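Whatever order the structure lists them in is the order used to number ligands and atoms, beginning at 1. Everything quoted here is computed from the prediction, not taken from an experiment.
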Amino acid sequence: MYEKIAPPTTGSRITFVDGKPIVPDDPIIPFIRGDGIGVDIWPAAQKVIDAAVKAAYDDERKINWFKIYVGDEACEKYGTYQYLPEDSLTAIREYGIAIKGPLTTPIGGGVRSLNVALRQIFDLYACVRPCRYYTGTPSPHLHPEKLDVIIYRENTEDIYLGIEWQQGSEIADKLIHYLNTELIPATPEHGKKRIRLDSGIGIKPISKTGSQRLVRRAIEHALRLPKHKQMVTLVHKGNIMKYTEGAFRDWGYELATTEFREVCVTERESWILSNKEKNPDLSIEENARAIDPGFDAMTTEKRAEIIEEVKTVLDSIWDTHGNRQWKDKVMVNDRIADSIFQQIQTRPDEYSILATMNLNGDYLSDAAAAIVGGLGMGPGANIGDNCAIFEATHGTAPKHAGLDRINPGSLILSGVMMLEYMGWQEAADLIKKGIGGAIANRQVTYDLARLMIPAVDPPLKCSEFAQAIIDHFND
Ligand SMILES: NC(=O)C1=CN([C@@H]2O[C@H](COP(=O)(O)OP(=O)(O)OC[C@H]3O[C@@H](n4cnc5c(N)ncnc54)[C@H](OP(=O)(O)O)[C@@H]3O)[C@@H](O)[C@H]2O)C=CC1
Ligand SMILES: O=C(O)CCC(=O)C(=O)O
Ligand SMILES: [Mg+2]
């Protein structure tokens with residue numbers, strides 16, 4: 001079945017039932033070392049994960065690692081441009097859960113991004129990136145501990161579909177001509193707009209299916225959080241792009257108020273309900289005026305729409321959500337993408353799960369990681385219904401490769417996410433404790449060392465940081 005690799009001779013397969021992994025005590029887990037700093041951070045992460053499993057379960061549980069090849073290492077083993085060999089895809093398909101170091105986006109060879117290709121091949125539609133603060137981590141913010149968010153980033157469409165045509169290519173020219181002469185003139189709202197003839201063209205598809213399955217996972221995750229963190233914020237630029245970004249928001253709300261009706265309340269619904277709770281005699285129109293301060297300046301139609309909204313909310317959910325019952329539900333709200341970048345800095349504690357389309361989530365996950373210590377502390381998971389691949393938020397950081405200096409924290413924390421996903425919480429908790437202990441004792445790599453006051457000099461090496469984490473398991 002495999003051309004150049006062989007699975008470990010001991011261990012069992014992880015299987016999936018209804019989108020959930022069924023994990024044996026001796027799972028076989030494929031790993032991709034990764035390019036660039038992969039040579040440094042993967043061995044460090046593997047050592048910490050193995051030590052945590054051993055410390056938590058002694059010999060009752062053990063991961064049987066299966067080395068597979070993607071990226072530069074794959075080209076060495078399988079030949080030029082063999083970045084993504086079939087062997088590796090078969091292994092991930094067979095064993096269900098994998099973990100990987102970062103991969104360089106190759107130039108040539110017909111592959112855009114190996115990282116994106118893996119997410120698409122296995123339909124890993126939810127890119128989950130938690131950003132939480134470990135005490136003692138240096139940060140440019142006064143209160144980084146107030147940020148504790150989980151980004152749910154759609155992982156298969158938007159720019160990740162990568163459908164675009166180069167400026168000057170035959171198809172780009174044809175498409176521009178067709179748009180300028182047929183489609184745009186046939187759409188009155190586009191008026192006299194025209195696409196410049198020397199444009200490259202990219203397509204931004206946002207589907208209802210893709211949006212709702214992502215938001216579904218985000219709401220399900222919110223339901224597992226403590227009450228005060230049960231909140232999902234739909235991040236979008238719907239004020240500018242109604243039918244893609246705005247539709248993502250609308251489909252998110254639709255899902256929350258249908259499939260999750262009993263357990264969700266939207267922000268606007270909560271205003272309507274609480275207005276009536278504060279003043280039971282409030283008329284529908286007064287309530288509408290209170291939720292929309294610009295009410296009196298609106299057109300008659302718009303006012304009627306808001307009055308209808310208030311009436312529908314009170315008629316349909318007052319019994320189940322009124323009288324403060326909504327306070328026990330998952331709060332679903334939305335924020336414009338540019339605004340959320342300042343909100344996570346100025347009012348971080350008002351957010352919990354941020355559900356985003358692809359591009360917004362890419363930017364937001366690096367920015368949020370910066371608040372809690374930088375990319376060295378930014379873990380991630382790509383989750384689908386039959387497979388999951390765990391990896392850090394950052395890339396291959398080539399200038400640091402092979403120097404045993406980079407921070408492995410991001411991949412180690414991705415390992416924590418993997419253990420939690422497997423239900424091996426005790427091992428995950430040991431690692432989190434170890435990371436907290438190492439940082440609190442100022443045992444850190446260069447990235448955190450240079451920001452600490454006073455600076456830590458010399459910083460720990462990558463491998464030494466891994467050992468320090470293990471040494472702090474039992475603090
Ligand atoms: N999922 C993946 O595998 C991803 C792959 N990539 C790919 O990686 C390659 C390099 O991308 P690039 O733009 O340089 O971005 P990177 O994320 O690789 O690195 C940018 C900078 O971020 C900091 N950084 C990254 N990782 C760490 C870490 N573990 N610890 C501490 N600091 C860290 C370093 O900053 P400093 O030097 O200032 O300390 C580094 O120079 C490209 O080919 C890109 O396509 C990019 C993103 C994700
Ligand atoms: O694969 C790449 O080159 C970029 C991926 C990326 O930026 C991400 O996953 O956040
Ligand atoms: Mg990115």
- Does NZ or CZ of Arg119 lie under 6.0 Å from the centre of the six-membered ring of Phe122, at an angle within 45° of the ring axis? no
- For ligand 1, the portion of Arg450 having any non-hydrogen atom under 4.0 Å away: side chain
- Give the numbers and elements of all ligand 1 atoms closer than 4.0 Å to a heavy atom of Lys399. 37 (O), 41 (O)
- Task: Could you grab the distance from atom OH of Tyr83 to atom CG of Asp72, nearest 0.5 Å is fine?
- Result: 6.5 Å
- Message: Classify the ring geometry of Tyr152 against His221: parallel below 30°, tilted from 30° to 60°, perpendicular beyond 60°.
- Response: perpendicular
- Query: Lys237 versus Met357: any side-chain heavy-atom pair under 4.5 Å?
  - Reply: no
- Under-4.0 Å heavy-atom contact between protein and atom 13 (O) of ligand 1: no
- Does Arg405 have a non-hydrogen atom less than 4.0 Å from ligand 1? no
- ligand 1 to Ala397 polar contact by distance, N or O atoms, under 3.5 Å: yes
- Which ligand 1 atoms does Pro102 reach within 4.0 Å, using its non-hydrogen atoms? 3 (O)
- Query: Salt-bridged, Arg132 to Asp148, with N to O below 4.0 Å?
  - Reply: no
- With atoms numbered from 1 as shown, which atoms in ligand 1 lie under 4.0 angstrom from a non-hydrogen atom of Lys100? 3 (O)
- Provide the number and element of each atom of ligand 1 under 4.0 Å from a heavy atom of Asp447. 30 (N), 31 (C)
- Taking it one step at a time, do Arg129 and Asp362 satisfy side-chain contact (heavy atoms from CB on, under 4.5 Å)? CA-CA 10 Å; Arg129 293 180 165 173; Asp362 195 14; 4.2 Å; yes
- When distances are taken from atom 8 (C) of ligand 2, the protein heavy atom at minimum range is Arg129 NH2, 3.4 Å
- Short check: is a protein heavy atom less than 4.0 Å from atom 10 (C) of ligand 1? yes
- Considering heavy atoms of the protein only, find what lies nearest to atom 32 (N) of ligand 1 and give residue, atom and distance to 0.1 Å. Tyr446 OH, 3.6 Å
- Message: Side chains of Arg268 and Tyr253: any donor to acceptor distance under 3.5 Å?
- Response: no
- Single hit among Leu413, Ile383, Asn382, Val128 for side chain to side chain contact (heavy atoms under 4.5 Å, CB included) with Phe390: Ile383
- Task: Go through the side-chain N and O atoms of Asp87 and Tyr78 and say whether any donor and acceptor fall under 3.5 Å apart.
- Result: yes
- Enumerated ligand 2 atoms positioned under 4.0 Å from heavy atoms of Ser113: 1 (O), 2 (C), 3 (O)
- Item | Protein heavy-atom partner closest to atom 5 (C) of ligand 2 - residue, atom, separation in Å | Tyr160 OH, 3.5 Å
- Item | Carboxylate-amine/guanidinium proximity below 4.0 Å for Lys208 and Asp250 | no
- Hey, is Arg153 touching ligand 2 through its side chain, its backbone, both or neither, going by heavy atoms under 4.0 Å? side chain
- Task: Classify the contact between Thr396 and ligand 1 as side chain, backbone, both or neither, using a heavy-atom distance cut-off of under 4.0 Å.
- Result: both
- Message: Before you tell me yes or no, could you show the steps for Asp385 and Phe16 under side-chain contact (heavy atoms from CB on, under 4.5 Å), namely the whole-Å CA-CA distance, both residues' side-chain angles and the distance that decides it to 0.1 Å?
- Response: CA-CA 8 Å; Asp385 289 333; Phe16 281 77; over 6 Å; no
- Within a distance of under 4.0 Å, is there any protein heavy atom near atom 2 (C) of ligand 2? yes
- Message: One residue to check: Arg119. Relative to ligand 2, which of side chain, backbone, both or neither has a non-hydrogen atom less than 4.0 Å away?
- Response: side chain
- Message: Yes or no: does Tyr363 have any heavy atom under 4.0 Å from an atom of ligand 2?
- Response: no
- Query: Does the protein put a heavy atom less than 4.0 Å from atom 2 (C) of ligand 1?
  - Reply: yes
- Message: Can you name the atoms of ligand 2, numbered from 1 with element, that are less than 4.0 Å from a heavy atom of Thr105?
- Response: 1 (O), 2 (C), 3 (O)
- Non-hydrogen atom of Arg112 closer than 4.0 Å to ligand 2: no
- Message: So if I count the atoms of ligand 1 from 1 in the order they appear, which ones are less than 4.0 Å from some heavy atom of Arg119?
- Response: 1 (N)
- Message: As a check for students: among Leu103, Thr105, Asp35, identify the option with a heavy atom nearest to atom 43 (O) of ligand 1.
- Response: Thr105
- Task: In plain terms, say whether Glu3 and Lys77 are close enough for a salt bridge, that is, a side-chain N and a carboxylate O under 4.0 Å apart.
- Result: no
- Task: Can you pull out the closest protein heavy atom to atom 46 (C) of ligand 1? Residue, atom name and distance to 0.1 Å, please.
- Result: Gly395 CA, 3.4 Å
- Item | Heavy atoms from other residues, nucleotides or ligands near NZ of Lys174 exceed 12 (cutoff 6.0 Å) | no
- Write out the residue and atom name of the closest protein heavy atom to atom 7 (O) of ligand 2, then the distance separating them to 0.1 Å. Asp362 OD1, 3.4 Å
- Query: Should Tyr2 and Pro7 count as side-chain neighbours, where that means a heavy-atom distance under 4.5 Å?
  - Reply: yes
- Look at atom CD of Glu60 and say whether more than 12 heavy atoms of other residues, nucleotides or ligands are closer to it than 6.0 Å. no
- Task: Check each of Ile22, Val23, Asn386 against Thr15 using the side chain to side chain contact (heavy atoms under 4.5 Å, CB included) test, and report the only one that passes.
- Result: Ile22
- Using a strict cut-off of 4.0 Å, indicate which atoms of ligand 1 neighbour a heavy atom of Glu391. 1 (N), 2 (C), 3 (O)
- Item | SB check Glu420 Lys432 (cutoff 4.0 Å) | yes
- If you measure from atom 23 (C) of ligand 1 to every heavy atom of Asp40, Leu375, Asp362, which option wins on shortest distance? Leu375
- Name of whichever N/O/S atom of Asp362 is nearest to the Mg ion (ligand 3): OD1
- Item | Asn115: numbered ligand 2 atoms lying under 4.0 Å from its heavy atoms | 1 (O), 2 (C)
- Between the candidates Thr445, Thr393, Val116, Asn407, which shows the shortest non-hydrogen contact distance to atom 29 (N) of ligand 1? Asn407
- What residue and heavy atom of the protein are closest to atom 28 (C) of ligand 1, and at what distance? Ile406 CG1, 3.4 Å
- Query: So which heavy atom in the protein is nearest atom 25 (C) of ligand 1, and how far is it from that ligand atom?
  - Reply: His394 CB, 3.7 Å
- Task: Around atom 37 (O) of ligand 1, find the nearest protein heavy atom and jot down its residue, atom name and distance.
- Result: His400 NE2, 2.7 Å
- Query: Is Asn115 touching ligand 1 with its side chain, its backbone, both, or neither, if touching means heavy atoms under 4.0 Å apart?
  - Reply: side chain
- Query: Is Thr104 in polar range of ligand 1, meaning some N or O pair under 3.5 Å apart?
  - Reply: no
- Task: Nearest 0.5 Å please: distance from the CG atom of Leu214 over to the CD1 atom of Ile219.
- Result: 10.5 Å
- Query: How does Met377 reach ligand 1, if at all, at less than 4.0 Å between non-hydrogen atoms: by side chain, backbone, both, or neither?
  - Reply: neither
- Message: Between Asp123 and Arg213, does any side-chain N to carboxylate O distance fall below 4.0 Å?
- Response: yes
- Side-chain H-bond candidate by donor/acceptor type, Gln443 with Asp471, under 3.5 Å: no
